[in-house]
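The following block contains the structure, expressed as structure tokens.
Just so we're clear, the structure is a prediction, and the values are computed from it rather than from any experiment. In what follows, residues are counted from 1 in the order of the sequence shown.
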Amino acid sequence: MTEFEVIEKFFKQTIQRADVVLGSGDDCAIVAVPPQQQLAVTTDTLVSGVHFFENTAAYDIGYKSLAVNLSDLAAMGARPAWVTLALTLPAADEKWLAEFCSGFFALAQRFNLQLIGGDLTRGPLSITVQAQGFLPRGKALTRAGAKPDDLIFVSGTLGDAALALHCLQEKIPVDEFALTRLHRPLPQVELGEKILDHAHAAIDISDGLAADLKHILGKSSVGAIVDVDSLPLSDVMRAAVSPEEAIALALNGGDDYELCFTLPAAQTDTLRDMQLPITCIGKITTQKTLELHQNGKIYHGKIAGFQHF
């Protein structure tokens, strides 16, 4: 198939947003940002052999390539609107393309997200997605707003994706729950919008809790104390590895795509009343360092998030 035949067959979709003046098919898309809103923009690239195994299902690659971008929007409290996709393929494999698009558009449909453009080229498999979303003017959550005495919360459970990755690398059986957490993480978009008026700072957990929390501390010029025994762990995690291994995976494992955010103590009752899937794991301090405690003592385990270089 030619480039334009591939685009016509696989990348036409039914989602048509009213704020898209001109979608894909021209040199540029034209979109309209609503009054009193700002545009949040994020980009991520996934490369075969780096971000996913070469034998990963095409559906999962399509799904996750969009999910990781929506997770960034969630961390800012933004509502997704539009997306562009730059896809580099070694060949125009119709079966692979159909499965990839099924995963990509299943998640796009969930969040009413319209594909408004992109690029298709030949080469080693890689996927670059840019997602755009709306924020109320001047109200974005950033990494720079944490304040001393804020409480630190995380959503969901931590380390499940890292557990699945470890099992795949070691060629040992992996629980389906953990595998789904690795390949099909659910971006916490609704949670990001719910905490927008309450939290001081936020980040999505992509490179490991310890590494990503340090980004908040650095940008906010504060420190933190985290109780590692408070880290939320799934039943699958607790059954698969020792308590110490579970803590290490929860602290250092990437690909969780949960949210970590700080909240003034006065707001905790409000969020508790919302019955959100969140756990308090520590508090912000003035010391400008991250302290990890376990059983009232300093935790001496490994702390190392994912690094590309």
V83 vs V129 side-chain heavy atoms within contact, under 4.5 Å: yes

Rounded to the nearest 0.5 Å, how far does CG of L97 lie from CZ of F10? 5.0 Å

Taking the side chain as everything from C-beta on, heavy atoms only, tell me whether V6 gets closer than 4.5 Å to F11. yes

Is there a side-chain contact between I127 and F104, using heavy atoms and a 4.5 Å cut-off? no

Can you get from I216 to L259 by hopping between Ile, Leu, Val, Met, Phe, Trp and Tyr side chains that sit under 4.5 Å apart? no

Quick check: are there more than 12 heavy atoms from other residues, nucleotides or ligands sitting under 6.0 Å from CG of D149? no

Would you confirm whether D207, through its side chain, and G254, through its main-chain N or O, come within 3.5 Å as a donor-acceptor pair? no

Answer yes or no: is there a donor N or O on one side and an acceptor on the other, between the side chain of Q267 and the main chain of P264, under 3.5 Å? no

To the nearest 0.5 angstrom, please state how far the CG atom of L107 sits from the OG atom of S102. 13.0 Å

T142 and K219: side-chain contact (heavy atoms from CB on, under 4.5 Å), yes or no, with the steps? CA-CA 9 Å; T142 70; K219 288 288 187 179; over 6 Å; no

Can you hop from L168 to V236 via hydrophobic side chains spaced under 4.5 Å? no

Indicate yes or no: does D60 engage R184 in a salt bridge with an N to O separation below 4.0 Å. yes

Answer yes or no: does atom CD of Q169 have more than 12 heavy-atom neighbours from other residues, nucleotides or ligands under 6.0 Å? yes

A quick test of your reading: do over 12 heavy atoms of other residues, nucleotides or ligands sit less than 6.0 Å from CZ of R122? no

Run the side-chain contact (heavy atoms from CB on, under 4.5 Å) check on F52 and L125 step by step: do they pass? CA-CA 11 Å; F52 54 87; L125 178 60; 3.8 Å; yes

Quick one: closest heavy-atom pair of I281 and P232, and the distance? CG2-CD, 4.2 Å

Is the shortest side-chain N to carboxylate O distance from D197 to K139 below 4.0 Å? yes

pair I15-Q109: side-chain heavy atoms closer than 4.5 Å: yes

Side-chain contact test, heavy atoms from C-beta onward, threshold under 4.5 Å: evaluate it for Q132 versus V31 and give yes or no. no

Euclidean distance, N295 CG relative to H293 NE2, rounded to 0.5 Å: 11.5 Å

Consider only side-chain heavy atoms of I, L, V, M, F, W and Y, link residues closer than 4.5 Å, and tell whether V174 and Y59 are in one cluster. no

Closest heavy-atom contact between L66 and L113? CD1-CD2, 3.5 Å

Would you check if F177 and L163 make a side-chain contact, meaning some heavy-atom pair closer than 4.5 Å? no

Consider only side-chain heavy atoms of I, L, V, M, F, W and Y, link residues closer than 4.5 Å, and tell whether Y257 and V189 are in one cluster. yes

Write down the atom of L158, the atom of M237, and the distance for their closest heavy-atom approach. O-CE, 3.7 Å

L263 side chain reached by H198 side chain, heavy atoms, under 4.5 Å: yes

Donor-acceptor pair, distance only, cut-off 3.5 Å: does the side chain of S71 make one with the backbone of E258? no

Please assess L217 against V222 for the test side-chain contact (heavy atoms from CB on, under 4.5 Å), listing each intermediate value before the final yes or no. CA-CA 5 Å; L217 305 185; V222 293; 4.0 Å; yes

For E5, does the CD atom have more than 12 heavy-atom neighbours from other residues, nucleotides or ligands under 6.0 Å away? yes

Any chance CG of D235 has more than 12 other-residue heavy atoms, nucleotides or ligands included, within less than 6.0 Å? no

On a heavy-atom basis, which atom in E94 and which in K9 lie closest, and how many Å separate them? OE1-NZ, 2.6 Å

Roughly how far apart are Q188 CD and L70 CG, rounded to 0.5 Å? 11.5 Å

Looking at R17, I'd like to know if its CZ atom is crowded, meaning that more than 12 non-hydrogen atoms belonging to other residues, nucleotides or ligands lie closer than 6.0 Å. yes

Separation between CG of L182 and CG of D160, rounded to the nearest 0.5 Å: 10.5 Å

Please work out whether the ring planes of F153 and F261 are parallel, tilted or perpendicular, with thresholds of 30° and 60°. parallel

Here the gap from H51 atom NE2 to T56 atom OG1, rounded to the nearest 0.5 Å, amounts to 12.5 Å

Same hydrophobic cluster for F134 and L115, using side-chain heavy-atom links shorter than 4.5 Å among ILVMFWY? no

Here the pair of heavy atoms bringing C28 nearest to L22 is O-CD2, 3.9 Å

Walk me through it: do D212 and D204 pass the test side-chain contact (heavy atoms from CB on, under 4.5 Å)? CA-CA 8 Å; D212 288 321; D204 77 318; over 6 Å; no

Contact between I225 and Q287 at the side-chain level, heavy atoms closer than 4.5 Å - yes or no? no

Taking all atoms of both residues into account, what is the closest heavy-atom pair of V228 and L251, and its distance? CG1-CD1, 4.0 Å

